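Numbers restart at 1 for each chain; the letters A, B, ... are given by sequence-line order, proteins then strands. The shown structure was predicted, so the numbers you read here are calculated from the model rather than taken from an experiment.
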There are 2 protein chains.
Amino acid sequence: MENLIRFGEKFFDELEIAVYRSRDVSASVELNEISMASTRSGALTIIRGIKDKRLGLAIVDSDEPEKVKEAIEQAAKMAKLNSPDEKWVSLPGPGKYREKPKPNYELKEASPDALVDMLVKGVKLAREKDENLVVAGGEGGVSWEERRILNSHGIDVSQEGGAAFFFLEFVGRKGSVVTPGIFDFDARRDLNLDVEGVVERAAQKVQWAYNVLPSKNEEVPLILGPWAIAGLFSYALLPAFSGERLVKETTPLAGKVGEKIASDVITLYDDPFHPLSLEPVIADGEGVPTRKNVLIENGTFKGFVWDNYWAKVYGTESTGNGKRDTKSGGISIGFHSVVIENGKRPLEDIISEIDRGYLVDGLQGAHSSNPDNGNFAVTANPAFLIEDGEVKGASVFLIAGNVYELLQQASEVTKEQTIMPFMATMITPHIKFEGVKIAGK
Amino acid sequence: MENLIRFGEKFFDELEIAVYRSRDVSASVELNEISMASTRSGALTIIRGIKDKRLGLAIVDSDEPEKVKEAIEQAAKMAKLNSPDEKWVSLPGPGKYREKPKPNYELKEASPDALVDMLVKGVKLAREKDENLVVAGGEGGVSWEERRILNSHGIDVSQEGGAAFFFLEFVGRKGSVVTPGIFDFDARRDLNLDVEGVVERAAQKVQWAYNVLPSKNEEVPLILGPWAIAGLFSYALLPAFSGERLVKETTPLAGKVGEKIASDVITLYDDPFHPLSLEPVIADGEGVPTRKNVLIENGTFKGFVWDNYWAKVYGTESTGNGKRDTKSGGISIGFHSVVIENGKRPLEDIISEIDRGYLVDGLQGAHSSNPDNGNFAVTANPAFLIEDGEVKGASVFLIAGNVYELLQQASEVTKEQTIMPFMATMITPHIKFEGVKIAGK
């Protein structure tokens, strides 16, 4: 690969070669039956070269030197056709990396069989627990990735590792009641996926959902669960921490570093090295060392995250948040493992103190939130009514609000923390919010 | 591959092996610059085997015999773990295929260079036409696929071919007006993509969009363009023709064969061999011969489409509409090339007769339509006000209605037919609908 960097320097002022080799095995369940097992693997090389501030970017699904050379020539032709990007400064230079955590090689060789067995076990446990329950869908997967990022300024960093995930979707039918799809998840860096826990939690929610209760317009405490938080924050909040948005003036957090934007209980950071993290990457998508970046500390906004390009445009340094999109080949600002710090008391203690309120498992429609101002309008479903310290049944209602107002209403976070392996990976407790206005449906 | 069928018969009562080899080249543009060129290729083998009515399905991204054997064993293990599907009858037997059209081998070897050149040309033409215009996005792509489907009942059918597509998205900025994203498309079975036409049509729409006009509640004639029709019909109408939905009682067309469900001007069929079709496949995803299936003839509903499984459950024959999802490996009922028959007069003649009405280019929110009853609620954007036979400017408005009521309001179809290469591939004229209720926004 170093030779290919030399080859590329004939065409470019500077260039980057990123190589990804991956292996993904997965198995799915549909309507109580295993529906598919698959094994896929591949290599991908992405060339990013700059000549006279003109960018060329080429992707080829191979790591053979001849194919990579072709891709370099492709990128060079493209750079010639493009206009200069006057904002371009340079690719990153080498940095000091943390020690790589030891990969779990068990995940490299994982077979779909192991996942099929887990799904079969999950279906069996679920049906034993509740014969009215259908495992509508679910999937187990193991991903393994080897990545190497080199550039002509001397970056050469490689890492390998993997993660496994598992989820099930249950639908319960009892009398005339058909519950909404009810999900639960596990994800980790080994194969000891918590099938029993997923079934236990999802089946409990199905039990609650059999008792359908009306909702009404009121102001009540809400406990948002990990899935609801991950959905809402991914769309309404996290984009606001992007330095690109600071430059483009599309974040409501501009000029607010040091200001209180949430209640004291909220501490939020991005940390690939968190113990629950699925990808403990020492370098981001362009080879910049990763680090823990605090975004909100006890309610106070601490700063933005950056990739190399936007950091240099703004005159600051990359925070190691350049994420590579292997589909477009491009780098954009993103997160590794967004962590919301947990609290001291378990969820059940918090529930037990609520006279009337809701435990919200899922929020629908979060994707149409507006990160420019934090406004959102979502449907809470499934959501569970809490009365006199106990869950009584399930309701559906609307919440229209602003994520920053909501953050000020946060009063407690649970001791339990859950990893949500979708969108931006998020490790989060349940969060209780006081006096949230809801609209009955 | 025949040997592999023999190998698989040791494990299964019947089995199917489907092999897909593909090569995809593409190039993208973002904000007037070429942003990416890529070349990807691969092979995929999907095993579907049945033992005692128990299904096993395995996917491996290889066509090497050893890997395929492993996948067969994988599928066999899975079948053992599954419960019998009492509805299962059998895989299809051999049928009589039409003659394969000659593939265009130019597409097999296509280089991203050709696509980069087209995009550069598109950007240049667009900027020459209107300096206030930004090419916000766009892509050119060429796909080549070689497929072979075999089963233990003697099916062995293979075919190869390719298609090319091209689209651009423009945004115009003039004074305080920023237009919505305005798209135009071309797709065909050769590389002579109509870059000039795409630019011409999209730039015309941008010109119209500079003049933003209010909308109001009224009943007016609407002309829906191909993109709007493809979006709305894909979600609100086409699923209703699925035989699976007939069996599951989730189509409003049950019991309506021979009934009038649209005005006389609407004739709609699925025909992979239409001259504009991108995939003139002689066999569907499970090797059943394809054919032209008429769905609506001069307003009269003619019948449902079927894959092998649901046809046998219902006691009829597959219509060659078993489409393979290469992600899940499964077969479901789908379409090859949905064609709406064209009319006699060009679009401009129809526009010239409208005193007040709209030409609707895009419909947002069509994906939340309900195919169980045809209800939809969409935002027309971009939409262009027609007054006194001329387009005067752009408006945004809402349409909430029912697709079957809309079909009865169709009064004319244009002579021009356009291929929409997204979702279900659709070849459609513009359609004029009379007296449609719209809500100003």
Residues 116-129 of chain B side chain polar contacts: donor-acceptor under 3.5 Å, at least two apart:
from     : atom 1 : to       : atom 2 : distance (Å)
B:Lys121 : NZ     : B:Glu196 : OE2    : 2.9
B:Lys124 : NZ     : B:Glu128 : OE2    : 3.0
B:Arg127 : NH1    : B:Leu133 : O      : 2.8
B:Lys129 : NZ     : B:Glu200 : OE1    : 3.4

Close side-chain approach of B:Asp61 to A:Ser41, heavy-atom, < 4.5 Å: yes
Residues A:Met36 and B:Lys327: closest non-hydrogen pair is CE-O, 3.9 Å
Please look at B:Leu44 and chain A and tell me whether the side chain, the backbone, both or neither of the residue comes under 4.5 angstrom of a heavy atom of that chain. side chain
What pairs of residues pass the salt bridge (charged side-chain N to carboxylate O under 4.0 Å, His left out) test when at least one of them lies in residues 23-44 of chain B, not counting sequence neighbours? none
With the side chain counted from C-beta on, respond yes when A:Val60 and B:Ser38 share a heavy-atom pair under 4.5 Å apart, and no when they do not. no
Counting heavy-atom pairs under 4.5 Å to chain A, which of B:Gly42, B:Pro112, B:Ser26 comes out on top? B:Pro112
What residue, out of A:Ile34, A:Val25, A:Val29, has the most heavy-atom pairs lying under 4.5 Å from chain B? A:Ile34
Under the salt bridge (charged side-chain N to carboxylate O under 4.0 Å, His left out) rule, what pairs show up with a residue in residues 11-22 of chain A, not counting sequence neighbours? A:Asp13-A:Lys51, A:Glu16-A:Arg48, A:Glu16-A:Arg324, A:Arg21-A:Asp63, A:Arg21-A:Glu146
Residue by residue, scan residues 67-83 of chain B and write down, ordered by number, those that have a heavy-atom distance under 4.5 Å to chain A; if none do, write 'none'. B:Gln74, B:Lys77, B:Met78, B:Leu81, B:Asn82, B:Ser83
I'd like to verify something: which residue of A:Ser28, A:Ser35, A:Ala27 has the highest number of heavy-atom pairs under 4.5 Å with chain B? A:Ser35
